[in-house]
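Remarks on the structure that follows.
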Amino acid sequence: MKLVSAIIKPFKLDEVREALSAIGVQGITVTEVKGFGRQKGHTELYRGAEYVVDFLPKVKLEIAIPEDLLEVVLEAIENAARTGKIGDGKIFVMDLEQVVRIRTGETGADAL
Amino acid sequence: MKLVSAIIKPFKLDEVREALSAIGVQGITVTEVKGFGRQKGHTELYRGAEYVVDFLPKVKLEIAIPEDLLEVVLEAIENAARTGKIGDGKIFVMDLEQVVRIRTGETGADAL
Amino acid sequence: MKLVSAIIKPFKLDEVREALSAIGVQGITVTEVKGFGRQKGHTELYRGAEYVVDFLPKVKLEIAIPEDLLEVVLEAIENAARTGKIGDGKIFVMDLEQVVRIRTGETGADAL
Amino acid sequence: MKTINRSAWLGAGLAAMPALALADGAPTLVDASTISAGDTAWMLTATALVLFMTIPGLALFYGGMVRRKNVLSTLMQSFAICALITVLWTVVGYSLAFTPGNPFIGGFDRVLLDGLVYLKDDAKLTTHPLAGTIPESVFMMFQMTFAIITPALITGAFAERMKFSAMLVFMTVWSLAVYVPVAHWVWAPGGWMADHGVLDFAGGTVVHINAGVAGLVAALVLGKRVGYGREAMAPHNLVLTLIGASMLWVGWFGFNAGSAVAADGRAGMAMMITQIATGAAALAWMFAEWIAKGKPSVLGIASGAVAGLVAITPAAGFVDAKGALAIGLISGVVCYWGATGLKHMLGYDDSLDAFGVHGVGGIVGALLTGVFAVKAIGGVEASLSAQALGVAITMAYCAVVTFVILKLVDAVIGLRVDEEKEREGLDLVLHGERVE
Amino acid sequence: MKTINRSAWLGAGLAAMPALALADGAPTLVDASTISAGDTAWMLTATALVLFMTIPGLALFYGGMVRRKNVLSTLMQSFAICALITVLWTVVGYSLAFTPGNPFIGGFDRVLLDGLVYLKDDAKLTTHPLAGTIPESVFMMFQMTFAIITPALITGAFAERMKFSAMLVFMTVWSLAVYVPVAHWVWAPGGWMADHGVLDFAGGTVVHINAGVAGLVAALVLGKRVGYGREAMAPHNLVLTLIGASMLWVGWFGFNAGSAVAADGRAGMAMMITQIATGAAALAWMFAEWIAKGKPSVLGIASGAVAGLVAITPAAGFVDAKGALAIGLISGVVCYWGATGLKHMLGYDDSLDAFGVHGVGGIVGALLTGVFAVKAIGGVEASLSAQALGVAITMAYCAVVTFVILKLVDAVIGLRVDEEKEREGLDLVLHGERVE
Amino acid sequence: MKTINRSAWLGAGLAAMPALALADGAPTLVDASTISAGDTAWMLTATALVLFMTIPGLALFYGGMVRRKNVLSTLMQSFAICALITVLWTVVGYSLAFTPGNPFIGGFDRVLLDGLVYLKDDAKLTTHPLAGTIPESVFMMFQMTFAIITPALITGAFAERMKFSAMLVFMTVWSLAVYVPVAHWVWAPGGWMADHGVLDFAGGTVVHINAGVAGLVAALVLGKRVGYGREAMAPHNLVLTLIGASMLWVGWFGFNAGSAVAADGRAGMAMMITQIATGAAALAWMFAEWIAKGKPSVLGIASGAVAGLVAITPAAGFVDAKGALAIGLISGVVCYWGATGLKHMLGYDDSLDAFGVHGVGGIVGALLTGVFAVKAIGGVEASLSAQALGVAITMAYCAVVTFVILKLVDAVIGLRVDEEKEREGLDLVLHGERVE
Ligand SMILES: Nc1ncnc2c1ncn2[C@@H]1O[C@H](COP(=O)(O)OP(=O)(O)O)[C@@H](O)[C@H]1O
Ligand SMILES: Nc1ncnc2c1ncn2[C@@H]1O[C@H](COP(=O)(O)OP(=O)(O)O)[C@@H](O)[C@H]1O
Ligand SMILES: Nc1ncnc2c1ncn2[C@@H]1O[C@H](COP(=O)(O)OP(=O)(O)O)[C@@H](O)[C@H]1O
């Protein structure tokens with residue numbers, strides 16, 4: 001199994017979620033994160049004090065999937081999250097050794 | 001070493017933490033996340049506009065452990081987090097290559 | 001490639017980010033987390049009810065890097081994040097199988 | 001005006017009502033020239049201030065103390081009570097409380113406010129015998145704001161677990177079965193407690209003891225919140241609570257100085273006395289907590305201020321600056337104990353301390369009024385035993401009737417949401433809304 | 001005072017202005033002794049209350065309903081309008097609205113408030129013929145607060161997408177081209193609508209229909225928010241909205257009871273009527289939604305209260321308690337439909353329901369004033385057809401002129417931020433700030 | 001009334017005090033009939049408004065500007081000062097400031113408010129010679145609210161780093177050693193600055209320059225916040241700040257129009273002048289920032305409004321509409337510079353710009369009063385040199401005494417929390433609480 005972790009622009013969340021749903025992904029865990037990267041941040045100004053805020057709001061999706069779904073999942077995320085502008089984000093893939101569904105105790109691909 | 005990542009219901013956090021503590025786990029990192037899964041969300045209504053909110057608040061626990069603790073940790077989490085109702089969450093296990101304790105520079109299992 | 005995940009004290013974020021930047025790391029994803037560990041929390045008191053709050057605010061940095069940068073990255077984080085006091089945090093290293101840059105579709109080290 | 005002793009309020013009224021003093025206590029039609037613009041200006045303002053105490057004052061004071069998942073439902077209770085009691089008071093509440101009837105309950109002369117008139121072309125309007133220099137409309141409205149805040153105070157005791165529907169039904173019945181009669185006994189010309197020499201300037205008994213005791217009974221009948229004592233139930237946003245406490249403080253000038261029903265020396269004294277007691281009580285609670293627990297808390301000083309406001313309410317027209325200082329200091333310390341020691345000792349879950357602050361503070365204030373009242377200021381003699389009697393009767397009546405109403409509502413529609421809903425939070429479950 | 005019918009306001013004025021009743025409607029210099037301290041006390045307070053309705057009341061009411069990324073920019077609109085109109089009204093607005101000119105617009109006598117004086121050594125000052133017992137400065141200020149809230153209400157319709165610069169320009173022109181003339185027609189002695197027997201006690205037409213219609217036109221001209229109907233646009237913090245609604249409620253006592261321009265029986269009635277209608281409307285919306293959608297919402301009850309406040313505004317000095325109950329219940333239900341059914345039916349994006357609540361509520365109130373007005377209370381005869389005429393003319397004039405102004409501003413500097421900025425949120429993009 | 005020039009306040013008083021003008025400036029016992037209900041109604045309201053400025057107004061204005069970890073401790077400072085000064089003023093402050101003594105300090109006649117009476121049966125009460133138509137209790141309370149807000153303003157300068165205990169001790173001493181004497185010199189009949197022709201209508205010097213200078217000294221003595229200039233210290237929630245600014249704006253009507261101590265033409269003018277200057281200053285700061293930095297900010301317009309309120313305070317009873325516009329525009333721009341350019345130039349960490357806004361605004365206002373005062377309005381001649389003298393003496397006295405007090409408190413209990421605690425945040429460390 002694989003754990004796919006995707007950092008995307010927040011307003012793309014709904015589209016990505018729908019795309020994943022369409023290809024049969026049943027579970028996603030989402031975290032609000034701040035991203036530092038090539039895309040530059042903005043400046044805030046409070047009574048003459050300038051704060052350069054480097055980070056940008058992003059959301060991180062974590063999706064545990066069976067190995068064979070990997071390609072379609074990556075494709076689905078790429079297509080749904082892409083705007084073509086800097087800051088679209090990254091997808092990271094890691095190996096997932098074990099999964100347990102807490103409710104039932106099922107493990108492995110059954111637990112996804 | 002292993003990195004165990006558990007998505008659980010928020011009100012179960014204290015119980016799980018105590019269960020882990022009881023078996024000697026000394027450190028946990030917790031993140032507030034939103035979960036999409038089989039458990040369905042709710043509907044919010046604002047002046048006639050209905051918003052179907054699919055996600056549910058969950059918490060994610062990340063626990064780095066020496067390999068030999070894996071079984072008891074999984075068991076402890078399962079037992080403490082289980083309500084038997086849909087949405088109880090998942091446990092993911094990944095391989096952890098290296099750990100460093102920043103304060104001391106210790107590495108490996110000593111750093112846990 | 002490696003995924004480095006560092007849990008540090010929040011006020012060290014800027015220093016760590018600058019240290020990483022100085023050694024050529026171009027992207028970081030940051031999450032606000034709560035840490036349970038050896039460092040003890042505090043007590044809150046509301047009309048006589050005491051709440052022992054065990055967790056402490058921490059930030060988690062996730063940094064995807066090419067393998068050869070690992071040593072300098074670890075060192076940079078350690079140096080910048082260390083105060084020498086309990087609770088300085090941990091660094092976890094995992095193997096990263098694949099990376100995709102959503103904007104361009106680039107993969108592997110090019111996508112970092 | 002707000003003196004249980006009948007001769008007292010008649011006396012109090014003399015300065016304010018040159019034109020009328022009716023034997024039977026019924027409102028009458030008078031010439032527009034009877035009205036004092038100055039007194040009316042102040043009472044319009046005082047009415048706005050007391051309404052402001054409930055919405056948004058009390059709503060915020062309470063809303064900040066609950067967990068985030070329940071903040072909207074907590075605010076909603078105060079707001080809905082405001083709307084509900086407005087209609088109820090208009091339809092029948094005011095009539096039953098403030099028109100002549102028998103010693104136990106008023107009459108039906110003002111149902112739907114019939115007969116309360118302002119006639120432009122005739123330059124005539126009605127006034128109430130308790131407030132002869134202002135229009136009856138203003139007197140009715142001022143009293144309405146008291147009828148609104150009392151049930152809203154109760155909600156603190158059962159926060160985070162009661163059904164909204166059950167709350168509405170309970171408050172409808174409670175307002176008519178408890179608030180209205182007690183207000184009649186105590187304040188209406190001819191109320192049966194009016195001859196027992198109990199002093200209650202601005203509602204310590206009718207409002208605060210009543211609300212506090214009802215809250216205690218409700219906390220006992222509903223039971224503790226799920227997870228109480230085991231899970232963290234820390235206030236989610238004390239900024240809201242401190243805003244609310246501040247609004248209560250400022251608005252209370254309307255409550256207490258407005259109870260002079262005139263813009264005169266008595267109103268001035270009441271405002272001054274209120275301020276002094278409140279400042280003293282805030283400091284007293286703060287230092288008590290600082291000494292006992294090592295830290296002075298925001299929730300503590302805010303609670304102390306409210307405790308002082310409650311305790312000085314019955315006394316505001318009767319004591320001097322030194323009395324106010326004393327009442328403030330004592331009530332701050334005693335209510336600190338009420339909301340901490342007493343509650344933990346007895347083990348009930350009065351979530352936001354409706355009893356611990358309003359009940360205990362109301363009792364302390366009512367009794368201390370008997371101790372510190374100065375004849376030259378209030379124009380009446382005070383008696384500790386009369387005060388104790390007033391407290392005891394109100395507590396007993398309120399406790400019994402509240403208990404019966406709650407049990408009935410529970411039997412018919414149920415008082416509490418079920419456990420899973422309570423966990424999820426009332427905002428989503430009852431109102432389909434959420435604070436981000 | 002706020003009666004379109006000229007003889008009506010003159011009549012209304014009689015009690016309040018013993019000393020003067022000028023044929024030409026111009027302010028005059030009078031002796032300081034002409035002033036009633038009581039009336040002045042109330043009007044100073046009423047002015048503060050109406051200002052409080054806009055900042056922070058309306059700012060919060062609206063600010064809580066937008067998405068977090070736009071909350072500051074939403075608050076900023078009300079606050080900046082407050083500053084802008086203050087200066088505009090001082091420079092020329094008051095003069096054009098309230099000094100004699102022709103039936104369509106006032107004159108330039110009070111440009112920069114020239115001639116509005118208080119002369120200490122001479123113990124003289126000016127008063128306005130519509131308010132002979134208070135200083136002209138207070139009358140001018142009271143009217144200013146109405147001139148401020150009206151454009152601020154409009155901002156609800158185009159929230160989350162308009163450029164701040166365009167908003168400032170639009171409001172400057174709109175205030176002079178729409179608000180000022182309509183106020184002159186309706187309220188100034190000699191305004192051309194003043195002889196048509198339309199009743200508008202406190203500004204249902206001038207303020208609420210005007211703002212509601214301008215909002216509707218703006219929503220149509222600007223178009224929908226990016227993602228409207230597809231993305232979640234849930235209110236980010238209804239705590240703010242409920243605080244705002246509460247402040248509007250309390251502040252509205254200044255709006256309506258202040259429109260009696262005196263601390264008298266009429267002011268008392270207006271306050272009472274306002275309270276009753278508001279309570280009834282809040283309950284009506286709440287129960288309508290409960291029945292229709294299964295849950296009573298916080299946003300619903302707050303909106304219902306505002307709907308009631310709007311609808312009772314034109315009627316507050318003319319109806320009795322029963323009329324107020326009826327107007328409240330009807331407006332609560334109709335505005336619920338206005339902000340839900342009507343809006344979805346027609347498909348425009350009136351973001352915070354400036355039209356659905358203020359426009360619809362204003363129309364309902366104006367018409368029902370014709371139905372429920374009681375001659376003995378207001379001293380004037382009401383006519384449904386006259387009310388309908390007032391509504392229709394105001395709507396038509398406002399819609400046309402608003403449309404023209406918006407198109408001009410769009411052509412010159414553009415009305416909307418571009419899509420990417422709208423996504424990022426106006427707080428950061430327009431003001432460089434952020435709520436954590 | 002608030003005129004340093006003695007003949008000026010006596011003159012100002014004439015209209016307001018027909019019945020008494022005492023040579024020695026002591027309060028006297030008078031008949032209840034001396035009291036004007038209208039004036040009293042307004043002063044009760046004005047007192048409530050000024051209290052409202054501090055809690056919750058100023059508390060929120062400041063609380064929104066700090067980092068989240070310090071919001072409760074910031075609110076707590078204003079609230080605790082409110083309680084503390086209430087007691088202090090009651091015990092001895094009012095007596096030392098407002099009863100006859102020598103030219104430098106008042107006497108002990110009103111310790112614990114002894115002799116300040118309201119005697120119901122005798123229909124007698126005391127009045128103060130500065131306010132002969134209202135009860136002394138109301139005058140004392142109105143003055144108390146000024147004594148409360150002044151130290152609360154100072155807290156902005158040392159936000160996010162001072163010990164709560166040290167703050168309490170410092171404020172206790174400062175209030176008695178700085179506020180009370182300066183108030184006596186400037187306002188009390190017989191104060192030594194009273195014959196120098198300095199005009200200060202509502203407290204520009206006593207309140208704002210005093211607080212601003214004390215803040216500057218405190219910022220210098222305490223030193224910068226840990227991380228200042230390196231770490232982000234952006235305001236965590238400008239919604240709170242904008243609510244606070246709005247409450248300050250509305251409440252300031254009590255401050256300035258209340259300083260007429262009557263509901264008359266002068267109060268009306270003061271309210272109008274206040275509004276105009278505030279609107280102008282808000283726009284001026286906004287446009288200055290827009291031009292200089294490219295964006296108009298919420299914090300900017302709110303700060304501009306406060307700057308205008310501060311600057312118009314000494315002038316509110318003396319200038320006309322054009323003068324108010326000018327003072328507003330000038331103070332908006334100058335305070336923008338004070339809170340940005342000046343602060344960065346000199347490098348101190350006046351966290352929330354107590355000096356940059358209140359100090360600078362107070363100085364600008366005091367001087368411009370000398371330029372724009374109109375004899376016919378205020379009844380007195382103004383002189384720029386006299387104004388400058390008043391400013392200089394106040395600044396010098398305040399700076400020296402504040403410095404000494406701070407050094408003493410530092411030596412005895414220490415002024416600052418240690419670095420680690422400052423990092424963790426004062427809410428948790430000092431008060432054991434947290435905003436979720
Ligand atoms: N090496 C990295 N490790 C972890 N997160 C990264 C890394 N590089 C980028 N990110 C995340 O991806 C986001 C987008 O990256 P950025 O460099 O701004 O643009 P792009 O994705 O178009 O290359 C960043 O804000 C950050 O959250
Ligand atoms: N494949 C997945 N990848 C990542 N997170 C998942 C996945 N499936 C479920 N989750 C997480 O687990 C939570 C519970 O899952 P759900 O399907 O609702 O119920 P259950 O755990 O009972 O099967 C989800 O809300 C989500 O956070
Ligand atoms: N085994 C672990 N798994 C996951 N996170 C951990 C673990 N141990 C520590 N942490 C994280 O690191 C933080 C610091 O750890 P702590 O034990 O307090 O101090 P130190 O890093 O000095 O040993 C914790 O708050 C927690 O977030």
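Order of the sequence lines fixes the chain letters, A, B, ..., with proteins taken first and strands second; residue numbering starts at 1 for each chain.
- For the pair E:Ile276 and D:Val87, the minimum side-chain heavy-atom distance is 4.5 Å or more.
- Ranked by non-hydrogen atom pairs under 4.5 Å with chain D, the options E:Gly265, E:Ala305, E:Ala282 are led by E:Gly265.
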So E:Val239 and D:Val71, side chain to side chain contact (heavy atoms under 4.5 Å, CB included) or not? Walk me through it.
CA-CA 8 Å; E:Val239 172; D:Val71 57; 3.7 Å; yes
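- If you take OG on D:Ser137 and CZ on E:Arg266, they are separated by 12.5 Å, rounding to the nearest 0.5 Å.
- Looking at E:Ala376, the atoms closer than 4.5 Å to chain D (heavy atoms on both sides) sit in the backbone and in the side chain alike.
- Between chain E and the residues D:Ile35, D:Thr126, D:Leu119, the largest count of heavy-atom pairs under 4.5 Å involves D:Leu119.
- Your options are E:Ala46, E:Pro296, E:Ala321, E:Pro235, and the one with the most heavy-atom pairs under 4.5 Å with chain D is E:Pro296.
- For D:Thr45, the parts lying under 4.5 angstrom from a heavy atom of chain E are both the backbone and the side chain.
- Contacts of E:Ile301 with chain D are made by both backbone and side-chain atoms, with heavy-atom separations under 4.5 Å.
- Contacts between E:Leu299 and chain D at a heavy-atom distance below 4.5 Å involve backbone atoms as well as side-chain atoms.
- Heavy atoms of E:Ala234 lying under 4.5 Å from chain D are absent altogether.
- With a threshold of 4.5 angstrom between heavy atoms, D:Met144 approaches chain E through side-chain atoms but not through N, CA, C or O.
- Residues E:Ala302 and D:Phe79 approach most closely at CA-CE2, 4.0 Å, considering heavy atoms.
- Annotation for D:Lys421: atom NZ does not count as buried by contact number, only 12 or fewer foreign heavy atoms lying within 6.0 Å.
- Identified by a heavy-atom distance below 4.5 Å to chain D, the contributing residues of residues 287-295 of chain E are E:Phe287, E:Trp290, E:Lys295, in residue-number order.
- Counting heavy-atom pairs under 4.5 Å between each of E:Ala257, E:Gly328, E:Gly244, E:Gly268 and chain D puts E:Gly268 at the top.
- Although no hydrogens or angles enter the test, the distance criterion places no donor-acceptor pair under 3.5 Å between the side chain of D:Glu433 and the main chain of E:Leu238.
- Here the straight-line distance linking atom OG1 of D:Thr86 with atom CD of E:Gln275 works out to 4.0 Å at 0.5 Å rounding.
- Heavy atoms of D:Ala48 lying under 4.5 Å from chain E belong to its backbone as well as its side chain.
- Contact count versus chain E (heavy atoms, under 4.5 Å) is highest, among D:Val117, D:Asp114, D:Ile134, D:Ile85, for D:Asp114.
- Contacts between D:Leu125 and chain E at a heavy-atom distance below 4.5 Å involve the side chain alone, from C-beta outward.
- For D:Ile243, no part lies near chain E; criterion is any non-hydrogen pair under 4.5 Å.
- For chain E, the nearby part of D:Leu168 is the side chain; its heavy atoms alone come within less than 4.5 Å.
- Per-residue counts of heavy-atom pairs under 4.5 Å with chain D were compared for E:Arg67, E:Met43, E:Met271, E:Met247; the largest is that of E:Met271.
- Contacts with chain D (heavy atom to heavy atom, under 4.5 Å) involve these residues of residues 50-61 of chain E, listed by number: E:Phe52.
- Interatomic distance, CE of D:Met140 versus CE of E:Met269, reported as 9.0 Å (0.5 Å rounding).
- For a residue to count as touching a neighbouring chain, one of its non-hydrogen atoms must lie under 4.5 Å from one of that chain's; by this rule D:Ser165 touches chain E with backbone and side chain alike.
- The two residues E:Gly279 and D:Ala83 make their nearest non-hydrogen contact at O-CB, 3.6 Å.
- Contact of D:Val435 with chain E is made through backbone and side chain together, with heavy-atom distances under 4.5 Å.
- Heavy atoms of E:Met286 lying under 4.5 Å from chain D belong exclusively to its side chain.
- Heavy atoms of D:Ala80 lying under 4.5 Å from chain E belong to its backbone as well as its side chain.
- Taking both residues in full, the closest heavy atoms of E:Lys375 and D:Asp121 are given as NZ-OD2, 3.0 Å, listed atom of the first, atom of the second, then distance.
- Contact detail for D:Ala41 and E:Ala263: the closest heavy-atom pair is N-CB, 3.7 Å.
- Nearest approach of D:Met76 to E:Leu242, heavy atoms of both residues: N-CD2, 4.5 Å.
- With a threshold of 4.5 angstrom between heavy atoms, D:Leu88 does not approach chain E through any atom at all.
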